[in-house]
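We count ligands from 1, going down the list as the structure has it; atoms in each ligand are counted the same way. Atom set for the values below is all heavy atoms of this structure, side chains included, hydrogens, waters and symmetry mates excluded.
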Amino acid sequence: MALEKIEKPNDIKQIEEAELSVLAEEIREFLIRRVSEHGGHLASNLGVVELTMAMHLYFQLPEDKIIWDVGHQSYTHKLLTGRKEGFETLRQFGGMSGFPKRKESDCDSFDTGHSSTSISAGLGYAAARELTGDSYRVVSVIGDGALTGGMAYEALNNAALLETNFIIVLNDNNMSISENVGGLSSHLGNLRTAEAYQGLKTGVTNSLNKIPVYGERMVERIRRTKSGIKQLLIPGMLFENMGITYLGPVDGHDINAMLRIFREAAKVNGAVLVHVMTQKGRGYLPAERHPARFHGTDAFEIETGLPKKRRTTANYTDVFSTVMRKLGERDTKVAAITAAMEDGTGLKRFHNMFPERFFDVGIAEGHAVTFAAGLAAAGLKPVLAVYSSFLQRAYDQMLHDVCIQDLPVTFAVDRAGLVGSDGETHQGIFDLSYLSSIPNMTIMAPKNKWELSDMVKFAVNFGHPIAIRYPRGQAYDGLKEHRAKIIYGKSEVICWNNQILQGMMDIPAVQGGGPSGELSLGSKGGKVKLALLAVGSMVKTAEEVWQQLKEEYPCTLVNVRFVKPMDTELLDNLAETHDLLVTMEENVLSGGFGEHAVRYLENLRCQNAEGCQSKPKGWENGSGKEKPRQARILNIAIPDVYVEHGNVEVLRKELGIDSESVAERIREAVRALETN
Ligand SMILES: Cc1ncc(C[n+]2csc(CCOP(=O)(O)OP(=O)(O)O)c2C)c(N)n1
Ligand SMILES: CC(=O)[C@@H](O)[C@H](O)COP(=O)(O)O
Ligand SMILES: [Mg+2]
């Protein structure tokens with residue numbers, strides 16, 4: 001067993017050359033078995049087995065620095081650096097991450113997860129090396145998909161100035177998650193087969209030679225100019241013209257060929273791009289046939305490649321997919337955009353049905369947003385479907401290109417909230433904060449699958465920037481009967497003091513101390529009145545909390561619906577009629593719904609203070625109305641931390657946002673209120 005001999009970094013160097021192919025096979029078997037148990041990024045990892053082995057044979061770790069772009073293809077690297085045991089806990093809570101992590105190993109030089117960062121980080125290492133006088137080698141490994149991201153070009157542009165060695169390995173498997181797109185992809189396609197290139201080169205020369213006198217002269221003239229010769233002889237002219245040496249293409253499954261090219265690359269003084277061609281999914285037939293399906297997979301049966309658990313219910317992405325199909329049919333102005341996540345965001349159907357109105361822009365979220373702004377300015381109704389954590393990349397484009405101009409772009413923000421096994425880099429727990437800070441942006445979150453559908457329909461005809469955030473996974477199909485019409489800025493009250501309502505009309509009017517007439521916090525013998533204000537996915541949790549607490553306290557349950565603008569009329573009402581308002585959201589506390597609600601009510605409290613000049617209308621002393629009673633607020637949200645990988649249910653418990661923890665936190669808060 002060759003793999004057994006690998007216990008620590010550089011052990012691969014002790015493996016006989018003849019045994020390397022056995023090692024590659026064992027690594028593939030190992031990865032297929034381990035990923036089949038709990039899921040993970042299989043196809044990309046199977047594709048880079050020999051490439052990773054060649055790098056570990058040539059470079060010395062941890063001294064040399066290997067930086068993996070996205071990092072989803074780093075499993076063989078983990079194996080070769082002594083982390084075989086970690087695979088039993090891959091992507092599980094407390095276990096080994098599916099991405100490179102500096103805290104996990106000193107052979108992981110840079111943490112990744114989002115795309116197109118590796119060249120910038122590698123260049124940083126290379127520049128630092130010049131300053132510190134170190135002599136380590138730096139290698140950034142970037143995929144053809146990741147090379148569609150703008151940051152990679154910014155880094156290449158900068159790397160061209162470097163005067164010391166910096167190796168960029170372009171791992172070209174002719175695939176992003178799904179088919180790779182765009183001009184660069186076509187360019188790589190042209191370079192991909194050396195034979196095709198050789199044919200083209202010979203073809204050009206032959207054709208010119210065929211032109212009597214002039215043709216021969218042109219060939220001669222081209223040969224005499226340096227760049228002309230390169231045009232004819234060097235495939236990677238695009239990179240060469242930028243000042244980056246291009247080597248390749250080389251077969252990424254031929255270890256010796258790669259070792260030869262790394263030796264050459266290491267001699268270059270400056271940035272050098274090594275073009276390596278690999279096959280995504282290599283060595284496992286289902287993954288070779290369906291690389292997109294096995295890009296990131298749940299647990300599966302090895303024999304068939306079928307998922308171990310069949311999905312029986314729709315997830316939010318399916319619901320979005322269906323409503324987009326309907327909207328596309330109804331309105332030819334509706335266009336859909338994805339940044340390389342056609343499958344993940346559910347836009348495949350829209351693509352198939354309306355190819356002319358579907359745009360995959362590559363891994364380029366910033367560009368996607370400004371492109372959507374352009375479509376909107378030209379009169380279309382663009383819907384950009386994007387994961388919450390990837391949209392972080394496009395903050396300025398949302399602000400500068402969409403919202404200042406108040407353009408009607410719909411942001412379908414998928415994977416909002418905890419996403420689970422991908423961990424820190426992918427948790428969608430910041431969007432409410434970053435979206436809330438942008439003027440002109442409206443933010444909604446659905447409680448269940450019907451509401452997502454209603455919200456998307458509302459959004460495309462809204463006429464202004466609007467974001468709908470919904471979580472990864474199964475769509476909630478409870479609370480079906482609560483489907484009040486969506487009214488801009490209005491929340492939906494599901495139950496009031498334990499009494500289930502149907503729509504806004506039923507909310508009791510605010511009179512004195514509220515519906516029951518009790519004025520103060522339990523002190524007059526009444527029970528503390530709770531109001532749960534839950535955002536999106538937390539409505540289901542709030543419903544469970546209500547079930548647990550309804551015997552103890554009268555409880556109101558509100559589906560917030562609009563995080564921005566907040567339903568301040570309802571907040572005023574709740575603050576007057578309830579004792580404790582509990583905000584619940586799967587977002588960080590900072591800048592989230594809860595914090596905005598606190599600030600709003602604090603302002604109100606301040607305005608109502610004695611001597612304050614600007615009291616809200618209707619609350620003036622002596623106006624005949626009581627001063628509003630100000631409820632206390634408990635914020636349930638994600639604390640100021642990065643949330644690691646793990647099962648979502650486990651993470652929710654750890655963070656204290658599952659229903660049992662929330663119920664307990666409420667009981668504690670009530671006890672504190674009663675004793676104060
Ligand atoms: C900013 C950002 N957007 C989207 C993604 C989702 N994503 C992860 S891998 C990937 C495709 C990468 O393709 P490539 O670099 O060619 O690697 P391969 O999977 O083919 O090995 C995408 C779109 C991401 N990780 N980061
Ligand atoms: C590595 C990466 O960014 C994607 O592959 C991501 O893991 C997809 O996540 P979903 O499984 O939620 O689509
Ligand atoms: Mg690729």
Side-chain angles (χ1 to χ4, degrees), residues 39-49 51-52 68-76 91 97-100 111-119 140-152 169-182 184-185 188-189 192 252 275-282 287 291-298 315-317 338-347 360-369 385-394 414-428 470-473 645 648:
H41 289 98
L42 186 61
S44 312
N45 280 293
L46 293 178
V48 296
V49 171
L51 168 60
T52 313
W68 297 95
D69 209 284
V70 182
H72 64 309
Q73 76 293 55
S74 60
Y75 294 3
T76 300
R91 288 158 47 97
S97 166
F99 296 98
D111 291 11
T112 45
H114 286 197
S115 170
S116 318
T117 63
S118 64
I119 306 179
S140 294
V141 187
I142 185 163
D144 55 319
L147 200 62
T148 61
M151 214 180 141
V169 172
L170 169 57
N171 168 34
D172 179 4
N173 54 20
N174 195 21
M175 285 287 290
S176 190
I177 289 185
S178 29
E179 199 183 318
N180 204 5
V181 293
L184 187 91
S185 178
L188 292 179
R192 205 161 283 128
H275 187 178
V276 177
M277 294 176 306
T278 59
Q279 181 190 11
K280 199 160 177 169
R282 184 161 175 117
R293 142 89 183 87
F294 283 93
H295 173 85
T297 176
D298 288 335
N315 58 33
Y316 280 104
T317 305
T338 177
M341 302 302 288
E342 169 174 347
D343 289 311
T345 57
L347 284 179
D360 181 350
V361 300
I363 310 180
E365 289 79 7
H367 158 62
V369 170
V386 56
Y387 287 14
S388 164
S389 81
F390 302 151
L391 186 59
Q392 286 161 195
R393 295 215 150 174
D414 199 333
R415 304 317 195 257
L418 298 167
V419 297
S421 332
D422 278 339
E424 283 107 323
T425 51
H426 285 61
Q427 311 287 10
Y470 47 95
R472 186 179 198 272
H645 51 276
V648 169

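Using a 4.0 Å cut-off to heavy atoms of Ser115, the atoms of ligand 1 that qualify are 1 (C), 2 (C), 24 (C), 25 (N), 26 (N). Every atom of ligand 2 is numbered from 1 in the order shown, and the set under 4.0 Å from a heavy atom of His295 is 5 (O). Those atoms of ligand 2 that come under 4.0 Å of a heavy atom in Val70, given as number and element, are 1 (C). Residue Lys280 has at least one heavy-atom neighbour below 4.0 Å for each of these atoms of ligand 1: 18 (P), 19 (O), 20 (O). Interface atoms of ligand 1 facing Ser44, defined by a heavy-atom separation under 4.0 Å, are 18 (P), 19 (O), 21 (O). Near Gly145, meaning under 4.0 Å from any of its heavy atoms, are these atoms of ligand 1: 13 (O), 14 (P), 15 (O), 16 (O). Within the listing of ligand 1, atoms 7 (N), 10 (C), 11 (C), 22 (C), 23 (C) sit less than 4.0 angstrom from a heavy atom of Ile177. Near Arg415, meaning under 4.0 Å from one of its heavy atoms, ligand 2 places the atoms 10 (P), 12 (O), 13 (O). Residue Ala340 approaches ligand 1 through these ligand atoms, each under 4.0 Å from one of its heavy atoms: 23 (C). Shown in contact with Phe390 at under 4.0 Å from a heavy atom are these atoms of ligand 2, numbered in order with element: 3 (O). Taking every heavy atom of Arg472 and a limit of under 4.0 angstrom, the matching atoms of ligand 2 come to 10 (P), 11 (O), 12 (O). In summary, the atoms of ligand 1 found under 4.0 Å from a heavy atom of Gly143, numbered by their order in the structure, are 14 (P), 15 (O), 16 (O).
Protein heavy atom at the shortest distance from atom 9 (O) of ligand 2 is Asp422 OD2, 3.5 Å. When hydrogens are left out, the protein atom nearest atom 23 (C) of ligand 1 is Ile363 CD1, 3.4 Å; that is the closest non-hydrogen contact. Of the protein's non-hydrogen atoms, the one nearest atom 15 (O) of ligand 1 is Ala146 N, 2.9 Å. For atom 4 (C) of ligand 2, the nearest protein heavy atom (residue, atom name, distance) is His41 NE2, 3.7 Å. Annotation: atom 3 (O) of ligand 2 to nearest protein heavy atom, His426 NE2, 2.6 Å. Ranking protein heavy atoms by distance to atom 11 (C) of ligand 1, first place goes to Ser176 OG, 3.4 Å.
Here the shortest heavy-atom distance to atom 20 (O) of ligand 1, taken over Asn173, Thr117, Asp360, belongs to Asn173. With distances taken over non-hydrogen atoms, the option nearest atom 3 (N) of ligand 1 out of His41, His114, Glu365, Met341 is Glu365. Considering only non-hydrogen atoms, atom 9 (S) of ligand 1 lies nearest to His295 out of Met151, His295, Arg393.
The backbone N or O of Ser118 lies less than 3.5 Å from a partner atom in the side chain of Ser140, making a donor-acceptor pair.
In this structure the side chain of Val48 never reaches within 4.5 angstrom of the side chain of Val141, judged on heavy atoms. Between Ser176 and Asp144, the closest side-chain pair of non-hydrogen atoms is not below 4.5 Å. In this structure, the side chains of Leu188 and His275 come closer than 4.5 Å at one or more pairs of heavy atoms. Taking the side chain as every heavy atom from C-beta outward, Thr338 and Asp360 approach each other to under 4.5 Å. Inter-residue side-chain proximity for Glu342 and Glu179 is flagged as unmet; no heavy-atom pair is nearer than 4.5 Å. Proximity of Met341 to Ile177: side-chain heavy atoms (C-beta onward) are separated by under 4.5 Å at one or more points.
Interatomic distance, Arg91 CZ to Asp422 CG, rounded to the nearest 0.5 Å: 5.0 Å. The line from CG of Asp172 to CD1 of Ile142 is 11.5 Å long, rounded to the nearest 0.5 Å. The CG atom of Asp69 lies 5.0 Å from the OG1 atom of Thr117; values are rounded to the nearest 0.5 Å. Taking CG of Leu184 as the start and CG of Leu147 as the end, the distance is 5.0 Å to the nearest 0.5 Å.
Of all the heavy atoms of Asp144, the ones lying under 4.0 Å from any atom of ligand 1 are found in both the backbone and the side chain. Contacts with ligand 2 closer than 4.0 Å are made by no heavy atom of Val419, backbone or side chain. When heavy-atom distances to ligand 2 are checked against a 4.0 Å cut-off, His114 has no atom that comes that close, whether in backbone or side chain.
Note on the Mg ion (ligand 3): protein N, O or S atoms under 2.8 Å away count 3, no waters included.
In this structure, Gly113 is part of the shell of residues with a heavy atom less than 4.0 angstrom from ligand 1.
Looking at ligand 2, you'll find an N or O of Tyr387 within less than 3.5 Å of one of its N or O atoms. Every N/O-N/O distance between Val70 and ligand 1 stays at or above 3.5 Å. Checked against a 3.5 angstrom limit, the closest N/O atoms of Phe390 and ligand 1 fall outside it.
Of the residues listed (Val361, Ile363, Val369), the one engaging Glu365 in a side chain to side chain contact (heavy atoms under 4.5 Å, CB included) is Ile363, and it is the only one.
Between His41 and His72, the ring-plane angle classifies as perpendicular under the 30° and 60° cut-offs. Ring planes of Tyr470 and Tyr316: tilted class, angle from 30 to 60°.
Contact record, Gly420 with Gln427: N-OE1, 3.5 Å, taken as the closest heavy-atom pair. Listed here is the closest heavy atom pair of Ala292 and Met175: N-CE, 4.3 Å.
Side-chain atoms of Thr317 and Arg415 form a donor-acceptor pair, as typed in the model, at a separation below 3.5 Å.
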